[in-house]
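Residue numbers begin at 1 in each chain, while the letters A, B, ... track the order of the sequences. All values derive from a computational prediction rather than experimental measurement.
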Amino acid sequence: MTTSEEPAVRLRGLHRTYGHRGTTVRALNGVSVDFPAGSFTAVMGPSGSGKSTLLHCAAGLDRPTGGEVHLGGTRLDDLSETRLTLLRRQRIGFVFQQFNLLPALTAELNVALPLMLGGRRPKRAEIRVALADVGLADRLGHRPAELSGGQQQRVAIARALVTRPEVLFADEPTGALDSATGREVLTLLRGMVEERRQTVLMVTHDPVAAAYADRVLFLRDGRLAGELVGPTPQAVAERMTGLEAEASGAVR
Amino acid sequence: MIAVALRTLAARRTSFVGSFVALALGVALFATAGLTLAAVLDGPAEPPRWYPHSPVVVAGPDGAGVTAEDPDGPPANSGLPPGERGFVPADAAATLRTLPGVTDVVVDYAGYAAFADGSGKVDAPVAAGGGAAGGTEAHPWAASLLHPYRMVAGGPPVADDQVVLTAPTGRRPGDPVVVATVDGPRRFTVSGIVETTAGPALYVTEATAVRLARGRVAAVALLAVPDTDAEALTGRVATALADRHPQLRVLTGDDRRSAEPDPDAGLLVATASLVGSTAGLAGFVCVVVVAGTFAFTVAQRRREFALLRTAGATPRQVRRLVLGEAALVGALAGAAGCGLSPVLAPLFARWLTDNGLAPAGFTARTAWWPLVVAFGLGLLVAVAGAGTAARRAARVRPVEALHAATVEPGGSGVVRWVCGLGCLGGVVPMLPFLSTPEGAAYLLVVVMLLVGGCALLLPVLVRPVGRLLTPGRGPIAVLARAGVRTESRRYASTIAPVLVTVGLAGGALAGTGTISAAGAASLRDQLTAPLLVVPAGAARLPETAGPAAGGVPGVTAAVRAKATGVFDAGRNGTLRQRTAWYVDGPAAGRALRLPVVDGSLDGLAGETVAVSARLAGSSGWTVGDRAELWLGDGTRASLRVVAVLDDRLGLPDALLPWSLATAHTSVPLPDSVYLGLAPGADPAAVEAAVAPLGGTVTDTADHLAVLDEEFDRLSRLSLLAILGMALVYTAISIANTALMATTGRVRELRTLRLAGATRRQILGLVGREAVTVGVAGAVFGALVTGASLLAVRVALAGYADTVPIQVPWSVLLVAVASGSVLTCAASVAPAAVALRHR
Ligand SMILES: Nc1ncnc2c1ncn2[C@@H]1O[C@H](COP(=O)(O)OP(=O)(O)OP(=O)(O)O)[C@@H](O)[C@H]1O
Ligand SMILES: [Mg+2]
């Protein structure tokens with residue numbers, strides 16, 4: 001998988017084990033993969049296969065116990081906590097399944113937060129544009145509790161994108177949404193990829209959502225278990241059924 | 001970042017108000033005690049009453065250490081013992097008289113003279129004005145030059161048995177009066193009455209004044225040409241005295257007041273140590289409660305910090321946010337607390353005077369330094385408490401933090417263990433001090449160490465104890481048990497104020513009660529005298545009461561005793577005050593049980609001393625050695641050690657022969673005379689012998705019972721003064737933290753409601769948890785009480801035959817009950833309100 005252009009994210013031999021006192025869980029067990037710039041990749045796999053862990057490690061939210069993480073030309077896994085945070089703030093966007101907005105702050109402030117944390121006084125127009133991009137121009141002053149799930153997720157996407165990150169990571173961004181709202185969010189992400197060459201890495205359980213991506217990676221028991229380029233919902237669903245059968249077979 | 005902080009502040013009203021209240025009240029408490037202490041230490045800055053006409057007054061030393069032989073003497077850890085004063089050598093007056101600018105000097109004598117009637121009872125008008133019982137003094141008529149007066153009847157004393165009284169008095173010139181003096185009751189004739197602002201006194205002829213004062217000069221007052229520069233004169237006087245009398249004080253301005261006898265001086269010393277304890281304890285509870293509260297509010301916000309971290313905040317930014325907020329709240333609340341204290345301090349001072357714990361007229365003034373100290377302490381503790389918690393919160397990685405927000409990390413810091421065990425272990429070096437006269441003050445330190453250590457270790461201790469306290473199989477019990485496990489920190493935070501309240505109340509009351517009971521029991525063991533002679537009225541017994549009683553047939557010993565203090569040079573080069581008694585030496589063993597371990601009391605006469613094993617040990621003295629001691633008037637004495645006594649509660653560290661009292665104590669009169677009786681001796685005969693001297697015979701047990709009762713009353717009041725406000729504060733903080741804890745988990749409770757729990761069940765759960773908190777606090781408080789009692793018992797074991805353990809059950813019960821009720825009310829009420837809205 002070598003390309004002439006430097007990949008946006010490069011993972012090499014990634015390991016992550018959890019646990020202490022005897023019970024160790026190998027959430028990631030030697031994952032090596034590249035994500036080219038401007039690509040939209042979906043990561044799929046049975047529950048507990050290590051998708052979230054992969055995303056967290058790749059995004060610098062968590063540290064792998066072994067292996068390397070490269071973002072652009074920068075190696076993440078050996079940075080100090082503070083350097084890592086600064087890098088995340090500038091070059092990475094992350095969208096969580098549970099949105100993770102600060103409940104006390106308005107939509108506008110939530111979006112402005114990464115800029116403010118960077119010591120910048122964000123311009124109002126800038127934030128407005130970011131929220132308008134996700135279709136929430138009229139919800140600036142609302143707190144998360146006053147927004148619907150889909151709206152909250154769109155605020156979270158606006159927040160993740162406001163710093164113009166190199167890579168946007170999304171962990172089941174549609175998991176908490178109904179299918180119509182989910183589709184809006186996915187269309188939004190697809191649009192970012194098409195219009196801005198935004199690199200997107202998304203974990204999902206939904207074959208329909210995965211079909212929005214250019215490529216689908218399959219994970220099982222912390223290892224790569226295949227990929228699908230140019231996915232369709234049917235093809236993805238078939239592969240998943242196969243994987244889940246193997247996984248449950250392995251467990252039982 | 002500030003904007004973020006301000007926005008989130010609104011959403012955290014309860015925790016903001018909670019920490020504000022905790023800090024403001026804590027600072028107010030500490031500053032109140034501090035202001036009161038400042039007022040005690042500054043003393044009443046009042047102009048002199050006796051010496052206003054003399055610009056410069058030379059008085060004896062007000063502390064031990066600096067002596068004529070040793071001008072660079074060691075500093076003492078306290079002033080002279082209450083009721084004692086230093087004297088001016090007779091030759092100093094001659095030196096002063098010749099100084100330029102000095103027109104005359106008045107050599108002022110101040111001999112003990114209580115104006116008494118025949119039965120020894122002090123006449124009401126003089127006693128009322130004279131302050132302490134029988135504390136009036138006889139001065140030479142020349143001293144009337146030193147202050148304004150008006151002769152309202154008669155004239156000055158000319159004969160040695162004449163006396164001038166101060167108005168108001170019922171006597172007229174020519175009336176006979178009886179005055180209690182060092183020589184016993186003496187008959188005088190009133191020669192005149194003066195009206196003066198100088199306070200009550202008796203003016204007698206020079207010769208009489210000299211005799212009544214045993215020739216010792218209280219002060220030399222200089223009279224100068226009008227418009228003399230007092231400062232310059234002070235300088236000349238100090239220079240003139242520097243060589244031969246470096247110990248003397250050269251006083252001018254309001255300082256001259258300190259040369260006048262202050263009947264309240266002893267009480268003021270007691271007030272100072274009392275208020276000092278109050279301030280120490282106030283500072284302690286302020287630190288514990290504020291640090292706990294601030295750490296708790298930060299711990300409650302872990303999820304918020306995790307969200308900030310995932311949004312790109314660095315650990316440093318999170319810490320800075322927390323510290324900034326803590327500093328802001330700390331400054332605001334500290335200012336509020338400082339604003340409150342000038343209102344509270346006078347009320348506290350008033351309560352002290354009303355209950356006789358401070359001299360009448362004592363008031364708290366507003367001084368700046370206690371406010372600065374209290375403000376600084378509050379700010380520091382708030383920032384430190386929030387800071388340590390913030391470090392923990394900011395250190396975790398963002399994803400972990402999001403997980404950790406729901407289930408708290410279990411690991412407990414090494415620092416916590418070290419500090420907690422250090423506090424508990426710190427009790428051991430305190431033990432030897434519990435048997436000293438300041439034992440009660442050191443006991444407070446012991447209790448504070450125990451409470452502090454327990455509070456530090458609470459997060460670790462909570463899990464095992466919490467499991468025991470949440471038995472049962474019902475859903476509520478299961479939830480409560482899970483709560484103790486996963487949220488041990490919330491439990492620790494809510495239990496801590498209950499522990500502090502119960503532990504302080506229980507430990508301090510049980511400990512001091514036991515110490516004083518042991519002291520009283522031990523004193524009874526030591527006083528073998530079945531009877532003793534005490535003053536019949538307010539006037540003191542004359543020295544002659546001893547021989548008079550001793551001369552009665554059947555009386556085998558009549559031992560005069562007077563309590564005072566001496567100083568010895570400690571290892572660190574300062575003088576340490578020790579308890580001492582002047583006694584009639586050789587006979588003492590026949591009226592007191594004095595456990596001599598080496599030497600003999602037979603030689604306790606002249607320049608000798610008997611010392612306790614503790615004093616002998618710390619100074620390295622054995623029988624036959626010369627003991628360097630500084631006596632009550634501040635002078636140094638080299639006394640031969642004739643005996644070493646076993647350490648006993650109730651017995652002093654030094655026994656001095658009675659002969660030294662005459663030279664070194666300002667009122668060389670016995671407190672009481674202990675009698676040894678042969679079988680068949682007639683108490684009525686003793687009574688008849690001492691009655692003319694103003695004494696009366698009393699049963700030792702009765703006398704001690706009266707003393708104990710008074711002592712217990714005072715110590716109860718003192719404990720109330722020390723603990724009262726602090727306990728009110730910790731009680732408030734019980735409710736405060738419980739309220740904050742419940743408000744902080746409304747979301748969790750609503751989730752439970754969604755999961756199918758009824759409102760009743762949820763309130764039941766909250767109530768159940770509150771009871772767990774109350775009971776756990778009570779258990780830990782009881783452990784502190786038990787440990788305090790153990791400490792007292794161990795510490796006193798070698799000093800008393802019995803240590804009767806006193807447990808203040810009623811107080812413990814009240815503390816536990818109010819702690820539980822407060823926790824329950826403050827937990828259930830906000831939950832009920834929150835669940836009603838949805
Ligand atoms: N903090 C943790 N401590 C211990 N084990 C963990 C932790 N986080 C994840 N794991 C374990 O690591 C494995 C992978 O978890 P991960 O969250 O990556 O799975 P996932 O593929 O995202 O699953 P899902 O689709 O359910 O979200 C799982 O077996 C999980 O139990
Ligand atoms: Mg996941």
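In terms of heavy-atom proximity, B/L307 sits nearest to A/P103 at CD1-CD, 4.1 Å. When all heavy atoms are compared, the tightest approach of B/A311 to A/R159 is CB-NH1, 3.9 Å.
Neither the backbone nor the side chain of A/L84 comes within contact range of chain B; no heavy atom of the residue lies under 4.5 Å from a heavy atom of that chain. When heavy atoms are compared at a cutoff of 4.5 Å, A/R63 approaches chain B by way of both its backbone and its side chain.
Surrounding CZ of A/R75 are more than 12 heavy atoms belonging to other residues, nucleotides or ligands, all under 6.0 Å away. At most 12 heavy atoms of other shown residues, nucleotides or ligands fall within 6.0 angstrom of atom CZ in A/R83. By the 6.0 Å contact criterion, CZ on A/R196 is enclosed, its count of non-hydrogen atoms from other residues, nucleotides or ligands being greater than 12.
Between B/R309 and A/E81, at least one side-chain nitrogen of the basic residue sits less than 4.0 Å from a carboxylate oxygen of the acidic one, meeting the salt-bridge criterion.
Two residues are said to be in side-chain contact when any heavy atoms from C-beta on lie closer than 4.5 Å; A/F94 and B/T310 fail this criterion. Using a 4.5 Å heavy-atom cutoff, the side chains of A/L113 and B/L308 are in contact.
Every residue meeting the side chain to side chain contact (heavy atoms under 4.5 Å, CB included) condition with A/T53, not counting sequence neighbours, appears here in chain and number order: A/R16, A/Y18, A/A27, A/L28, A/C57.
Pairs of residues two or more places apart, or lying in two chains, that qualify as salt bridge (charged side-chain N to carboxylate O under 4.0 Å, His left out) and include a residue from residues 105-118 of chain A are A/E108-A/R124.
The main-chain N or O of A/L117 is found under 3.5 Å from a side-chain atom of B/Q317 such that the two form a donor-acceptor pair.
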